[in-house]
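A quick write-up on the structure given underneath.
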Number of protein chains: 2
Amino acid sequence: MSYPKNAVDTIRSSGYRVTRQRQLVLEILDKNQGHLDAEALFMKAKTKDMNIGIATIYRTLALLKKIGVVKEEFLGQQHGQFEKTPPLPHYHFTCLQCGRVIEFEVPQLTEIAHQLSKNKKIQVSEITMHLSGLCSQCINKTKNKKS
Amino acid sequence: MSYPKNAVDTIRSSGYRVTRQRQLVLEILDKNQGHLDAEALFMKAKTKDMNIGIATIYRTLALLKKIGVVKEEFLGQQHGQFEKTPPLPHYHFTCLQCGRVIEFEVPQLTEIAHQLSKNKKIQVSEITMHLSGLCSQCINKTKNKKS
DNA sequence: GTCCATGCAAACTGTTTGCACGCGC
DNA sequence: GCGCGTGCAAACAGTTTGCATGGAC
């Protein structure tokens with residue numbers, strides 16, 4: 001069966017131990033369907049487990065990334081944000097003013113990547129797309145601002 | 001006239017001074033049509049000017065980016081690589097094995113971004129796309145390797 | 001009981017900043 | 001000559017690592 005196993009099962013079946021800390025990180029990523037960086041995740045984790053260390057967060061995220069449970073996205077251009085790997089690939093728009101992130105799908109990208117694979121004789125394993133600009137709210141704010 | 005002014009003119013007309021160091025950085029970026037990160041650029045600059053400081057490199061790149069002369073690309077996922085702003089927007093493929101970068105154009109992206117702008121009522125000012133995988137050389141290497 | 005995973009602190013990397021001097025305009 | 005731009009070193013932020021202890025299996 002190719003049922004998407006839940007994350008805990010994936011950890012176990014990949015040969016790693018299911019620890020309290022790893023479960024906590026997964027829990028937080030589940031609740032926050034948004035995008036968290038290591039620091040933000042650490043903060044949230046601390047409220048549930050005062051003793052958790054930032055190194056554990058980094059090690060756990062690296063592990064989850066390696067076994068494919070989470071994806072790292074580079075949105076604000078600097079350090080990565082993490083989210084549970086979505087069933088369908090999607091991409092992100094970031095508002096340069098308020099930082100809001102909007103997700104969207106672009107089915108055409110698969111075809112575009114396929115064409116490129118043929119033309120350039122390459123093998124594409126990962127497609128990243130990222131838009132930035134102004135979200136509708138910030139467009140309105142700017143309009144209403146009289147200078 | 002909307003002739004693309006050369007970079008030096010752009011610096012001057014933006015109200016900044018044209019210094020030896022800034023010219024050197026531009027020269028290096030011109031010669032290396034490839035993609036250099038701050039460190040690599042610093043190394044190359046040192047061979048021409050032993051006394052140049054890494055801080056100058058960072059400050060110069062930030063300036064050139066601000067006035068639109070260079071673009072910062074996040075290819076290897078971590079710190080940015082810089083290239084002179086190309087006349088036509090293009091995107092990059094990075095080989096995960098050998099690090100080779102291939103450039104390509106995707107005219108359709110403009111239209112895709114336009115559609116999204118309408119649907120989501122956003123204003124897109126920047127489109128980023130990045131592919132990764134294996135280049136043709138590395139595909140062959142892998143094939144020929146008997147294990 | 002074994003050995004992987006954790007917490008802590010120290011180390012490290014890439015980048016930024018404060019300041020006195022030097023140079024473009 | 002004025003004031004921005006530079007070099008240097010120190011500061012900083014984010015991330016990684018070494019090591020002794022603790023917990024998953």
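Reminder, nothing fancy here: chain letters follow the sequence lines and each chain counts from 1. The model shown is predicted, which means the values in this text are computed figures rather than measured ones.
One can find a donor-acceptor pair under 3.5 Å joining the base of D/dG7 and the side-chain atoms of B/R59. Below the 3.5 angstrom threshold, one finds no donor paired with an acceptor across the side chain of B/R12 and the base of C/dG24. Checked by distance alone, A/R17 brings a side-chain donor or acceptor within 3.5 Å of a matching partner on the base of C/dC4.
For the pair A/M50 and B/Y58, nearest-nucleotide mapping onto DNA chain C gives the more 5' position to A/M50. DNA chain C is contacted by both B/I54 and B/Y16; B/I54 maps to the nucleotide lying nearer its 5′ end (nearest heavy atom per residue).
Within 4.0 Å (heavy atoms only), B/Q21 reaches sugar-phosphate atoms of the nucleic acid but no base atom. Using a 4.0 Å heavy-atom criterion, one finds that A/I52 contacts the sugar-phosphate atoms exclusively.
Defined by atom type and a distance below 3.5 Å, a donor-acceptor pair is present between the side-chain atoms of A/E83 and A/H90. Inspection of the A/E111 and A/Q115 side chains reveals an N or O donor paired with an N or O acceptor under 3.5 Å.
The distance between atom CG of B/L64 and atom P of D/dG5, rounded to the nearest whole Å, is 12 Å. Rounded to an integer number of Å, the gap from A/N51 CG to C/dG7 P is 7 Å. To the nearest angstrom, P of D/dG5 lies 15 Å from CG of B/L61. The interatomic distance linking B/E39 (CD) with C/dC12 (C1') rounds to 13 Å, in whole Å. As rounded to whole Å, 13 Å separates atom C1' of D/dG14 from atom CD of A/Q81. If you measure from atom CG of A/L41 to atom C1' of D/dG14, you get 15 Å, rounded to the nearest angstrom. A/R22 has its CZ atom 13 Å from the C1' atom of D/dC25, to the nearest Å. Nucleotide D/dG22 holds its P atom 15 Å from the CG atom of A/D49, rounded to whole Å.
Nearest nucleotide to the side chain of A/T60, out of C/dT6, C/dT17, D/dT15: C/dT6.
Between B/T56 and D/dG7 there is a side-chain polar atom (N or O) within less than 4.0 angstrom of OP1 or OP2.
Note that CG of A/L109 is 5.5 Å distant from CD1 of B/I112, once rounded to the nearest 0.5 Å.
Between A/H35 and A/H92, the angle of the ring planes goes over 60°, which puts this pair in the perpendicular group of the 30/60° scheme.
Using a 4.0 Å cut-off between charged side-chain N and carboxylate O, A/K71 and A/E126 make a salt bridge.
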